[in-house]
Amino acid sequence: MAFELPPLPYAKTALEPHTSAQTLDFHHGKHHQTYVTNLNNLVKDTPMASQSLEQIIQATAKDESKIGIFNNAAQVWNHTFFWNCMKPGGGGSPSGDVAAAIEKIGGLQKFKDDFKAAALAQFGSGWAWLVAKDGKLEVMASADADTPMAHGIDCLLTIDVWEHAYYLDYRHQRERYVAAVIDQLLDWEFAEKNLG
């Protein structure tokens, strides 16, 4: 069964003014769709065609001969995850177990500072992540299509820092984009669900 582009969990205009409908048209409708199309073409008529996205990522993560499959599968997963990390009227403060876990790593402001730093320090294309690793939360970055999930690490939130994620709305100002995602769009309920 072929992979399909999952629908956005909100209307294309729902994240405005922080992320425009035009950006989502390109980012979701073109970039994400291209990864889905490429993955389907790469796994067609192979045993991977019947595997889950997660199984494909795990099987190809350390296999240089399958880097094309890994990159496209991971980008399908990363983007699907990213759309769910944001919501209209997001941002604010976490509650519940995530709030308690954030306090253990220095509090909300330290998390925001570290998350922003990870996103801004990523050279070229990649991702900043809030993950659960070894029983505690941690901020990390990954380059290109890499994803903590491929390494057995549980993801709670991410920010896409590939230029196509923000260039139409923010041009070269990655810092403004990252701040908008953190302060205005992060879905802490999604993070809580992922921690559970």
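In this text, all values refer to a predicted model and were calculated from it rather than measured experimentally.
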Yes or no on side chain to side chain contact (heavy atoms under 4.5 Å, CB included) for Gln58 and Gln55, after CA distance, side-chain angles and deciding distance? CA-CA 5 Å; Gln58 294 290 340; Gln55 288 171 321; 5.9 Å; no

Under 3.5 Å, side chain of [X] to main-chain N/O of [Y], donor-acceptor pair present?
X: His28; Y: Pro7; result: no
X: Glu192; Y: Asp97; result: yes
X: Gln184; Y: Ala179; result: no
X: Asp154; Y: Leu195; result: no
X: Thr147; Y: Ala150; result: no
X: Asn72; Y: Leu39; result: no
X: Arg176; Y: Asp169; result: no

Search all heavy atoms of [X] against all heavy atoms of [Y] and return the closest pair with its distance.
X: Thr80; Y: Pro6; value: OG1-CG, 3.3 Å
X: Ala145; Y: Asn78; value: O-ND2, 3.1 Å
X: Ile69; Y: Met48; value: CG2-SD, 4.0 Å
X: Ala21; Y: Thr13; value: CB-CG2, 4.0 Å
X: Tyr166; Y: Val161; value: CE2-O, 3.8 Å
X: Val178; Y: Ala119; value: CG2-CB, 3.7 Å

Hey, does [Y] have a side-chain heavy atom less than 4.5 Å from the side chain of [X]?
X: Asn194; Y: Cys155; result: no
X: Pro88; Y: Leu15; result: yes
X: Asn71; Y: Asp144; result: no
X: Leu120; Y: Arg174; result: yes
X: Trp162; Y: His27; result: no
X: Lys133; Y: Met140; result: no

Please identify which of these residues, Thr158, Asp160, Asn84, meets the side-chain hydrogen bond (donor to acceptor under 3.5 Å, both in side chains) condition with His79. Asp160

Look at the aromatic rings of Phe111 and Trp188 and report parallel, tilted or perpendicular, splitting at 30° and 60°. perpendicular

Worked verdict on Leu186 versus Phe115 for side chain to side chain contact (heavy atoms under 4.5 Å, CB included): CA-CA 12 Å; Leu186 279 186; Phe115 204 34; 4.2 Å; yes

Atom [atom1] in [X], atom [atom2] in [Y]: separation rounded to 0.5 Å?
X: Leu108; Y: Ile105; atom1: CG; atom2: CD1; result: 9.5 Å
X: Met86; Y: Leu185; atom1: CE; atom2: CG; result: 6.5 Å
X: Asp187; Y: Tyr10; atom1: CG; atom2: OH; result: 9.0 Å

Set out, in order, the CA-CA distance, both residues' side-chain angles and the distance that settles side chain to side chain donor-acceptor pair (under 3.5 Å) for Gln75 and Trp127, then state yes or no. CA-CA 10 Å; Gln75 284 293 77; Trp127 303 81; 3.3 Å; yes

What pairs of residues pass the salt bridge (Lys or Arg N to Asp or Glu O under 4.0 Å) test when at least one of them lies in residues 13-38, not counting sequence neighbours? Lys12-Asp25

Compute whether any side-chain donor of one residue and acceptor of the other, for [X] and [Y], lie under 3.5 angstrom apart.
X: Trp83; Y: His32; result: yes
X: Glu54; Y: Trp77; result: yes
X: His18; Y: Asp183; result: no
X: Ser142; Y: Trp129; result: yes

Are [X] and [Y] grouped together when hydrophobic residues (ILVMFWY) are joined by side-chain heavy atoms under 4.5 angstrom apart?
X: Tyr170; Y: Phe26; result: no
X: Ile57; Y: Ile153; result: yes
X: Phe82; Y: Phe3; result: yes
X: Leu168; Y: Leu24; result: no
X: Tyr35; Y: Tyr167; result: no

Run the side chain to side chain contact (heavy atoms under 4.5 Å, CB included) test on Leu130 and Ile102 for me, step by step, so that the C-alpha distance in whole Å, both residues' side-chain angles and the decisive distance to 0.1 Å come before the verdict. CA-CA 10 Å; Leu130 175 64; Ile102 291 273; 4.2 Å; yes

Please report the C-alpha distance between Thr46 and Val43 in whole Å, then the side-chain angles of each, then the deciding distance to 0.1 Å, and finally whether the side chain to side chain contact (heavy atoms under 4.5 Å, CB included) criterion is met. CA-CA 5 Å; Thr46 75; Val43 302; 3.8 Å; yes

Criterion side-chain contact (heavy atoms from CB on, under 4.5 Å) against Phe70, the qualifying member of Asp63, Thr60, Ile56: Thr60

